[in-house]
Q: 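First the structure, then my questions, so here it is.
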Amino acid sequence: MPFYSTRGKIPKKRHTIFKNKDGNHRYEQLFGTEGFTGFSSLLYHIHRPTQITAIKRPYSIKPKIQTDNNITPRLFHGLKLKGEKDYLKSRKPILINSDVQITLASPQKLKSDYFYKNADADELIFIHKGEGTLRTHLGNIEFKYGDYLIIPRGVIYKLEFKKTENRLLIVESYSPIYTPNRYRNKFGQLLEHSPFCERDIRGPSELETYDKKGEFLIKVKKKQVMHSLIYATHPFDVVGWDGYNFPYSFSIHDFESITGRIHQPPPVHQTFQAHNFVVCSFCPRMYDYHPLSIPAPYNHSNIDSEEVIYYVDGDFMSRNDVDQGYISLHPSGIPHGPHPGAMERSIGEKSTDELAVMVDTFNPLMLTEEALKLDDGKYFKSWVE
Ligand SMILES: [Fe+2]
């Protein structure tokens with residue numbers, strides 16, 4: 001996040017001697033996501049963070065692509081995805097391109113006995129159902145329904161759930177995920193016209209620090225392969241850190257929608273940006289208030305972007321027959337718009353309680369085998385009167 005934060009104990013000056021009471025050195029680590037020019041934090045470990053004792057056989061987690069040139073509007077029944085006990089096994093990629101991977105997950109096990117790190121991608125985890133704690137080597141964040149968890153690449157983490165019924169939408173981004181440029185000034189501060197500000201963003205609240213030796217398994221995802229590395233020391237051994245690179249959460253319920261007298265375009269719902277895709281939040285809000293306004297959106301050509309909408313809750317104004325956990329895909333190359341009757345229905349309505357997350361990608365998405373299992377197969381005909 002573009003604001004400075006610090007947790008735990010750090011030395012007065014960076015890159016200088018920092019010892020504990022017994023005279024043992026702390027080990028400094030620069031933790032960034034884009035070379036030496038992007039966001040970074042300086043971490044202070046009890047042990048060297050490089051002590052690998054074994055590397056187990058890696059295994060492929062490359063998704064099976066079923067359709068790599070899709071022009072069919074699709075509707076996926078996301079909640080039909082079967083749950084799996086293990087968190088990593090439960091992650092099922094459905095839509096993929098070279099910028100982003102969109103994954104659904106329904107993990108059932110409350111805790112896992114390994115740590116996990118994504119070496120390629122920042123992860124955005126939207127919590128549709130579930131509650132628990134994101135534990136990381138930079139501190140812990142409690143999460144619940146409606147939270148976006150933003151986990152920069154390289155963060156070592158565990159997700160712990162309170163119950164076995166959990167539904168997650170995971171967006172893996174091969175470029176860093178930021179808040180939209182146009183809402184930030186040149187110093188990074190979120191401006192007055194932004195639909196949220198720094199007060200709505202929650203960084204890690206407590207630092208868990210263990211001085212432990214043993215065998216610690218970190219699963220590292222790199223280039224669609226899962227590597228298993230055994231470390232000699234507990235990965236959560238950071239006594240303090242400061243900087244700009246850390247995981248955080250933002251609740252979709254804290255997104256203050258921008259409304260107008262007439263229909264506002266989708267960018268007003270934008271919440272995050274990354275290279276070649278954006279994430280938007282459709283939240284409960286007042287409808288347009290011009291006496292002749294049409295609250296439903298107009299047909300739009302999206303010739304150059306693919307639109308993925310994950311329906312979270314409420315009645316989605318422009319669609320017929322969509323329910324919680326459904327995901328629509330409106331591919332690039334052909335226009336889409338409200339369903340028959342939706343435009344007429346919207347006229348005179350004062351407000352909506354819809355809640356949805358949209359991912360718009362500027363490159364076409366490929367569909368996985370897992371996606372086609374959830375596809376209703378008939379959505380493309382749903383505009384015919
Ligand atoms: Fe659209």
Side-chain angles (χ1 to χ4, degrees), residues 70-78 94-95 97 99-100 102 124 126 128 169 171 180 182 195 252 255 257-260 262-274 276-288 293-347 349 351-367 371 374-376 378-385:
N70 175 62
I71 203 161
T72 309
R74 310 263 183 175
L75 189 66
F76 306 107
H77 293 204
I94 56 164
L95 300 166
N97 67 22
D99 305 308
V100 64
I102 300 172
L124 175 156
F126 177 76
H128 185 189
L169 167 70
V171 178
R182 67 180 183 285
I252 197 169
F255 187 91
S257 297
I258 296 168
T259 60
I262 54 170
H263 187 79
Q264 299 293 298
V268 299
H269 305 284
Q270 192 186 344
T271 316
F272 300 106
Q273 70 176 34
N276 280 341
F277 79 93
V278 298
V279 177
C280 299
S281 306
F282 289 94
C283 296
R285 62 192 181 279
M286 300 306 288
Y287 272 147
D288 321 327
S293 69
I294 300 175
Y298 30 77
N299 296 290
H300 43 286
S301 64
N302 63 307
I303 194 78
D304 59 350
S305 69
E306 309 247 323
E307 178 198 278
V308 179
I309 300 183
Y310 184 100
Y311 303 91
V312 181
D313 205 357
D315 186 16
F316 206 75
M317 60 147 155
S318 56
R319 305 266 165 268
N320 299 339
D321 306 320
V322 300
D323 210 345
Q324 270 195 25
Y326 282 28
I327 302 145
S328 59
L329 167 63
H330 299 129
S332 54
I334 52 173
H336 68 270
H339 274 129
M343 180 196 86
E344 294 82 351
R345 244 183 1 246
S346 77
I347 295 170
E349 289 293 323
S351 63
T352 175
D353 60 356
E354 71 187 18
L355 196 66
V357 174
M358 180 169 83
V359 182
D360 266 9
T361 70
F362 304 123
N363 281 315
L365 289 159
M366 299 183 286
L367 278 65
L374 307 172
D375 184 11
D376 86 341
K378 58 183 183 186
Y379 180 68
F380 70 97
K381 292 183 182 172
S382 61
W383 286 270
V384 178
E385 295 187 51

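Throughout, numbering of the chain's residues begins at 1 and tracks the sequence. Just so you know, ligand 1 is whichever comes first in the structure, and atom 1 is the first atom listed for that ligand.
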Q: Just by distance, do the side chain of S281 and the backbone of T271 share a donor-acceptor pair under 3.5 Å?
A: no

Q: Please answer whether the main-chain N or O of S346 pairs with a side-chain N or O of E344 as donor and acceptor at a distance below 3.5 Å.
A: no

Q: Within the distance-only criterion (no hydrogens, no angle test), does the side chain of H128 pair as donor or acceptor with the backbone N or O of V312 below 3.5 angstrom?
A: yes

Q: Keeping to distances under 2.8 Å, can you name the protein N/O/S atoms close to the Fe ion (ligand 1)?
A: H300 NE2, E307 OE1, H336 NE2

Q: Among L95, I309, I102, which residue satisfies the side-chain contact (heavy atoms from CB on, under 4.5 Å) criterion with V359?
A: I102

Q: So that I know where these two stand, are H77 and Y379 an aromatic pair - ring centroids less than 6.0 Å apart?
A: no

Q: Can you spot which of V308, D376, L367 makes a side-chain contact (heavy atoms from CB on, under 4.5 Å) with F76?
A: L367

